[in-house]
Amino acid sequence: MDEPMIDVEDLTFAYASNEKKQILSSVSFKAWRGEWLSVIGRNGAGKSTLAALLIGLLQPSFGRIRIKGIPLNEETKWLIRRHAGMVFQNPDNQFIGATVQDDVAFGLENLNMPYEEMQRRVAEALEAVGMTDYQAEDPSRLSGGQKQRTAIAGVLALHPDLLILDEAFVMLDPRSRRQLIAVLKKLKTERELTILSITHDMDEAAASDRVLVLEKGSVAKEGTPATVFSEKTTLDVPFSERLRRLLLKNGRSVPETYSTESDLIKWLCKSNLNT
């Protein structure tokens, strides 16, 4: 079997100012090349701390992290960041260039990439996120959603093996969110891109291959969206599951377990045709 893209074992973290309060406790999981893994959980569950640890912004108190088989530590984190890109919740933290185009090109310039290849990658990334028409704009003057799409383009242009999204869709309207999810799914397939998505959006989590549920710093559940969202939980569930449960409550015939939005629509249409 291939080596996992992410291999986390017994990961534990507590801030030095309060070592008795563990933010993460003995967290272990793997993510494979070409897989989309969503990490969900309530506020304070440790999701963003996990993202920061995976990219080397924080150092674990105990446990280990391997990215592409490379142990993550102070000596290797810069090498690992050549393979892994992260998009933060606040895109303003990532802007450096005077224009959208310059900002997307910044990471490529640091790699001393040939100008023609850099131009091609910038154009490709801007088109993927729907920002081609804004390439000459000042990033600081963009809307929140446009800023977020620019930040995502800057990471995609680097062609990472691993993309970490820390609530990266939070500023996007529903249509833009659906469009970007479709783009990332396509890239995941075409490039075997591994995506780890930290999210509160259950519809975003439903688009992933597998879901990891954190509760109070520990892994509470892990499985496919169908497995996780079929179980009774205090967490929110995707729209399709909320609708299925509402129809069931009102005595309507519906699938027995969780269905994706498209599958539920097909089922309802077929059901109505047969009645």
Side-chain angles (χ1 to χ4, degrees), residues 5 33-34 36 48 51-52 54-57 67-68 77-199 201 204 207-208:
M5 180 63 65
R33 187 171 185 84
W36 187 330
S48 290
L54 290 175
I55 207 71
L57 296 176
I67 306 294
K68 289 194 71 174
K77 68 180 182 182
W78 295 107
L79 172 61
I80 286 173
R81 287 175 189 173
R82 293 178 70 95
H83 301 286
M86 182 168 175
V87 182
F88 297 90
Q89 182 174 350
N90 185 353
D92 289 315
N93 294 337
Q94 294 181 250
F95 291 144
I96 295 174
T99 68
V100 167
Q101 182 176 254
D102 291 343
D103 196 80
V104 175
F106 180 79
L108 304 177
E109 290 175 339
N110 284 342
L111 296 176
N112 294 317
M113 184 169 291
Y115 182 70
E116 293 76 13
E117 174 65 8
M118 184 167 60
Q119 275 192 316
R120 187 187 67 78
R121 287 207 193 184
V122 170
E124 178 186 73
L126 289 174
E127 182 179 3
V129 301
M131 288 296 292
T132 301
D133 293 341
Y134 299 89
Q135 58 186 330
E137 296 290 328
D138 180 347
S140 67
R141 297 182 179 274
L142 299 175
S143 69
Q146 290 167 342
K147 288 179 178 179
Q148 199 68 287
R149 283 188 279 168
T150 300
I152 293 171
V155 175
L156 290 180
L158 293 166
H159 288 192
D161 297 307
L162 168 63
L163 176 62
I164 300 173
L165 305 170
D166 185 9
E167 300 287 0
F169 294 168
V170 70
M171 293 186 181
L172 300 179
D173 60 84
R175 182 182 178 187
S176 295
R177 190 179 297 118
R178 287 194 298 270
Q179 289 173 340
L180 268 176
I181 287 174
V183 166
L184 292 177
K185 277 190 164 185
K186 182 181 178 183
L187 292 174
K188 182 177 79 74
T189 301
E190 291 177 349
R191 300 182 188 173
E192 287 192 292
L193 174 66
T194 302
I195 301 172
L196 186 137
S197 175
I198 307 289
T199 183
D201 184 343
E204 179 187 337
S208 62

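One distance of note links CG of D166 with CG of L54; it measures 10.5 Å at 0.5 Å rounding. To the nearest 0.5 Å, the span separating CZ on R120 from CG on L108 amounts to 10.0 Å. With rounding to the nearest 0.5 angstrom, the NZ atom of K147 is 12.5 Å from the CD atom of E137. To the nearest 0.5 Å, atoms CE (M171) and OG (S143) are separated by 9.5 Å. The CZ atom of R175 sits 13.0 Å away from atom CG of L172, with the distance rounded to the nearest 0.5 Å. Atom CE of M131 sits about 10.5 Å away from atom CG of D103, to the nearest 0.5 Å.
Contact detail for M86 and V155: the closest heavy-atom pair is O-CG2, 3.7 Å. W36 and I181 get closest at one heavy-atom pair: CZ3-O, 4.1 Å. Taking both residues in full, the closest heavy atoms of P139 and A98 are given as CD-O, 3.4 Å, listed atom of the first, atom of the second, then distance. The nearest pair of heavy atoms linking Q148 to V87 is OE1-CG1, 3.9 Å. Closest heavy-atom contact between A51 and I198: CB-CG1, 4.0 Å. Nearest heavy-atom pair, V129 versus R149, reported as atom, atom and distance to 0.1 Å: O-CD, 3.0 Å.
Looking only at atom types and distance, the side chain of T199 has no donor-acceptor partner in the side chain of D201 under 3.5 Å away. Under the 3.5 Å distance criterion, with hydrogens and angles disregarded, no donor-acceptor pair is assigned to the side chains of Q135 and T99.
Side-chain contact between N110 and F106: present, with at least one pair of heavy atoms (C-beta onward) separated by less than 4.5 Å. The shortest side-chain heavy-atom distance between L163 and L196 does not fall under the 4.5 Å cut-off.
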Next on the checklist: As a quick check of understanding, evaluate side-chain contact (heavy atoms from CB on, under 4.5 Å) for F169 and L184, giving each step before the final call.
Outcome noted: CA-CA 12 Å; F169 294 168; L184 292 177; 3.5 Å; yes
Item to check | Verdict with reasoning, I195 to L162, per side-chain contact (heavy atoms from CB on, under 4.5 Å) | outcome: CA-CA 6 Å; I195 301 172; L162 168 63; over 6 Å; no
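More than 12 heavy atoms of other residues, nucleotides or ligands lie within 6.0 Å of CD in E117, so this atom counts as buried by the packing criterion. Within 6.0 Å of the CZ atom in R82, the count of heavy atoms belonging to other residues, nucleotides or ligands does not exceed 12. Heavy-atom neighbours of Y134 OH from other residues, nucleotides or ligands within 6.0 Å: at or below the threshold of 12.
With sequence neighbours excluded, the residues forming a side chain to side chain contact (heavy atoms under 4.5 Å, CB included) with D161 are M5, R33, K68, H83, listed by chain and number.
One N or O on the side chain of T189 and one on the backbone of K185 form a donor-acceptor pair closer than 3.5 Å. For R81 (side chain) and I55 (main-chain N/O), a donor-acceptor pair under 3.5 Å exists by modelled atom type. At distances below 3.5 Å, at least one donor-acceptor pair connects side-chain atoms of T150 with backbone N or O atoms of Q146.
The existence of a salt bridge linking R121 and E124 is excluded, since no basic side-chain nitrogen approaches an acidic carboxylate oxygen closer than 4.0 Å.
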